[in-house]
Undergrad: 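After the structure tokens below, expect a handful of questions from me.
In what follows, every chain begins at residue 1, and chains take the letters A, B, ... in the order their sequences are listed. Remember, predicted model here, so these are calculated numbers, not experimental data.
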Number of protein chains: 2
Amino acid sequence: MAATTTVSPRSASSVFDSLEQEAYLQLWRTYDRLREIDERLFQQYGITAQQYNALRILRAVRPGSLSTSALGARLVSRAPDMTRLLDRLEEQGFVRRQRSAENRRVIDVTITRSGLAVLDTLAAGVRRCGRDQLGHLPRKTLQALIAILEQARAPHEDQSTVDQWLGNRQRTGEGEA
Amino acid sequence: MAATTTVSPRSASSVFDSLEQEAYLQLWRTYDRLREIDERLFQQYGITAQQYNALRILRAVRPGSLSTSALGARLVSRAPDMTRLLDRLEEQGFVRRQRSAENRRVIDVTITRSGLAVLDTLAAGVRRCGRDQLGHLPRKTLQALIAILEQARAPHEDQSTVDQWLGNRQRTGEGEA
DNA sequence: CGATAATACCCGTTCGAACGACTATTGTTA
DNA sequence: TAACAATAGTCGTTCGAACGGGTATTATCG
């Protein structure tokens, strides 16, 4: 069967309604394929990619903490269920939650020693995942991809948080002024 | 607050472990943002994006049918639960299932008149979604994005099905020879 | 100061994703 | 042809995503 089907250099516009739709479906497909790879890694340690990212963000603000909602706003993808995501991380002992002193509505979340340890354990695997996923692309191509993706989602980012999720750069103080 | 934070042209490598990881996270983030848009549309009609795609694929082979697994293989993203995905579509009357005559293990899935109707109803919305999602990018950029994405996932596609999911081009016969 | 609104989080619930065990049917082989 | 393997799909179950309503706390405004 492999030989009979003429490959046809994709006569474009036959399958997709529009170029926009094709790009979106390609994006979806590609994400799905790459996701499979790192989920396999995280699964071995009982966490999800989203949870891993939460830990990564908490490590970046260490030894400070983030409120539940501030953490949620920095996650890669939407998470309408921060409470239970944190429940699971807390059960595993990777984070600690405690009610804020100044504003008792707020819950401050901190990464624990054990959370840092699991990040360390995962570090090598994560690097290897990156290579498995996209290591075959030259740097120029990766940079081009990143640039286009930023363009693509720019209009869909809430301007107030546009740089938030990339913005877990060390803020040494983090006093909420 | 918008004025105080110096935008900083992204000093690279500060936040991400590697360029590969950055590209992947950008991909994830972008997918998540775009997905939000068309899910809002599909939700109004009680279906998911995955279900919509199944219907689209079934329309393409109409009036023929596909086996459950053949349909699953053509979907945009993995679906380890074809049975129940089809359960839901069947409940809504969008597809019909019937056991194949030649091979009684196989279930043939066909789109119904009602399934075609819902695709027609959605057509305008889907086009609008495409524009909302990526209409702000010039064609050249979209094409570049598509090309890079194909490159990106090429090593992760099962070669036997690499063109499958794009391959719902009319196969007039579809006799299983 | 008291009423009202806004904020931050929690939780009940429903649905889909994912995994794996299971059944029925067909193919293979001695 | 009988035993065994491979295939196609179903189903139980667990977990996460998503939505919406509920509660506690703080802010606002007369």
Side-chain angles (χ1 to χ4, degrees), chain A residues 1 28 31-33 35-54 65-92 95-109 160 176, chain B residues 28 31-33 35-54 65-92 95-110 160 176:
Chain A
M1 70 139 84
W28 182 6
Y31 166 66
D32 186 69
R33 281 294 172 274
R35 180 172 61 105
E36 191 175 7
I37 294 171
D38 65 27
E39 275 185 355
R40 232 186 334 251
L41 168 68
F42 293 136
Q43 197 170 287
Q44 296 173 346
Y45 296 86
I47 62 173
T48 64
Q50 188 76 296
Q51 288 170 0
Y52 170 78
N53 264 282
S65 57
L66 283 172
S67 70
T68 299
S69 51
L71 176 57
R74 284 173 174 73
L75 284 181
V76 177
S77 90
R78 294 163 294 162
D81 202 11
M82 265 304 117
T83 298
R84 269 169 287 212
L85 188 154
L86 291 173
D87 284 349
R88 292 166 212 128
L89 288 177
E90 196 176 29
E91 271 171 39
Q92 296 175 280
V95 304
R96 187 176 49 246
R97 280 191 281 196
Q98 61 188 100
R99 210 161 269 281
S100 160
E102 313 98 46
N103 187 338
R104 306 217 2 263
R105 286 172 297 186
V106 172
I107 303 276
D108 287 324
V109 185
S160 72
E176 76 294 76
Chain B
W28 181 6
Y31 166 67
D32 187 70
R33 281 293 172 277
R35 180 171 61 104
E36 191 175 8
I37 295 170
D38 65 27
E39 274 185 354
R40 234 188 331 253
L41 170 66
F42 293 135
Q43 198 171 286
Q44 296 173 345
Y45 296 86
I47 63 174
T48 64
Q50 189 76 296
Q51 289 170 359
Y52 171 78
N53 265 282
S65 58
L66 283 172
S67 71
T68 298
S69 51
L71 177 57
R74 283 172 173 76
L75 284 181
V76 177
S77 91
R78 293 163 295 162
D81 202 12
M82 266 303 117
T83 297
R84 268 169 287 213
L85 188 153
L86 291 173
D87 284 349
R88 291 166 211 128
L89 288 177
E90 196 176 29
E91 271 171 37
Q92 296 176 280
V95 303
R96 187 177 49 248
R97 280 192 282 196
Q98 63 188 98
R99 210 160 269 284
S100 160
E102 312 96 49
N103 188 338
R104 306 213 8 261
R105 286 173 295 187
V106 172
I107 302 275
D108 287 323
V109 186
T110 320
S160 71
E176 77 294 74

Undergrad: Are any of B:Arg35's side-chain N or O atoms less than 4.0 Å away from OP1 or OP2 of D:dA18?
TA: yes
Undergrad: Would you compute the distance between atom CD1 of B:Ile107 and atom CG of B:Leu86 and round it to the nearest 0.5 angstrom?
TA: 9.5 Å
Undergrad: Quick one: B:Arg78 CZ to C:dG16 C1', roughly how many Å, whole number?
TA: 14 Å
Undergrad: Given the structure, check if the side chain of B:Arg99 and the base of D:dG9 hold any donor-acceptor pair shorter than 3.5 Å.
TA: no
Undergrad: Could you tell me whether B:Glu36 contacts a base, only the sugar-phosphate backbone, or nothing, with contacts defined as non-hydrogen atoms closer than 4.0 Å?
TA: nothing
Undergrad: Taking the side chain of A:Arg105 as heavy atoms from C-beta outward, which of C:dA6, C:dC9, D:dA18 is closest to it?
TA: C:dA6
Undergrad: Does A:Thr48 place a side-chain N or O at less than 4.0 Å from the phosphate oxygens OP1/OP2 of D:dG16?
TA: no
Undergrad: Can you tell me how far P of D:dA8 sits from CZ of B:Arg97, to the nearest Å?
TA: 16 Å
Undergrad: Rounded to whole Å, how long is the line connecting atom CD of B:Gln92 with atom P of C:dC15?
TA: 11 Å
Undergrad: Nearest whole Å is fine: how far is C:dA18 P from B:Gln50 CD?
TA: 9 Å
Undergrad: Looking at B:Arg88, I'd like to know whether one of its side-chain N or O atoms comes within less than 4.0 Å of OP1 or OP2 on C:dG16.
TA: yes
Undergrad: What's the verdict on salt bridge (charged side-chain N to carboxylate O under 4.0 Å, His left out) for B:Arg35 and B:Asp32, showing C-alpha distance, side-chain angles and the deciding distance?
TA: CA-CA 5 Å; B:Arg35 180 171 61 104; B:Asp32 187 70; 2.8 Å; yes
Undergrad: Looking at A:Asn53 and A:Ala49, would you say the former's side chain and the latter's main chain have a donor-acceptor pair under 3.5 Å?
TA: yes
Undergrad: Can you tell me if A:Gln43 touches the phosphate of C:dC19, counting only side-chain N or O atoms and a distance under 4.0 Å to OP1 or OP2?
TA: yes
Undergrad: Between C:dA17, C:dA18, D:dA18, which one does the side chain of A:Pro80 approach most closely?
TA: D:dA18
Undergrad: Is it true that a side-chain atom of B:Gln50 and a backbone atom of B:Leu75 form a donor plus acceptor pair closer than 3.5 Å?
TA: no
Undergrad: Output yes when a side-chain donor or acceptor of B:Arg96 lies under 3.5 Å from a complementary backbone atom of B:Thr110, and no otherwise.
TA: no
Undergrad: Measure from CD1 on B:Ile47 to P on C:dC15 and round the result to the nearest Å.
TA: 16 Å
Undergrad: Would you mind telling me which of C:dC10, D:dA18, D:dT26 lies closest to the side-chain atoms of A:Ile107?
TA: C:dC10
Undergrad: If you pin A:Asn103 and A:Gly46 to their nearest nucleotides in DNA chain D, which one's is more 5'?
TA: A:Gly46
Undergrad: Base, sugar-phosphate alone, or nothing: which one does B:Arg84 contact when heavy atoms must sit under 4.0 Å apart?
TA: base
Undergrad: Can you check the B:Glu91 CD to C:dC15 P distance for me, whole Å?
TA: 10 Å
Undergrad: Scan A:Ser69 against the nucleic acid and name what it touches under 4.0 Å (heavy atoms): base, sugar-phosphate only, or nothing.
TA: sugar-phosphate
Undergrad: Using whole Å, report how far CG of B:Asp81 lies from P of C:dA21.
TA: 16 Å
Undergrad: Looking at D:dA8, I'd like to know if its phosphate oxygens (OP1 or OP2) sit under 4.0 Å from a side-chain N or O belonging to B:Thr68.
TA: no
Undergrad: Over how many whole Å does the gap from B:Asp87 atom CG to D:dC11 atom P extend?
TA: 7 Å
Undergrad: Checking contacts here: which listed nucleotide (D:dT26, D:dG9, C:dA8) is nearest the side-chain heavy atoms of A:Val106?
TA: C:dA8
Undergrad: Whether the side chain of A:Gln51 engages the backbone of A:Leu89 through a donor-acceptor N/O pair (distance < 3.5 Å, no angle test) should be reported.
TA: no
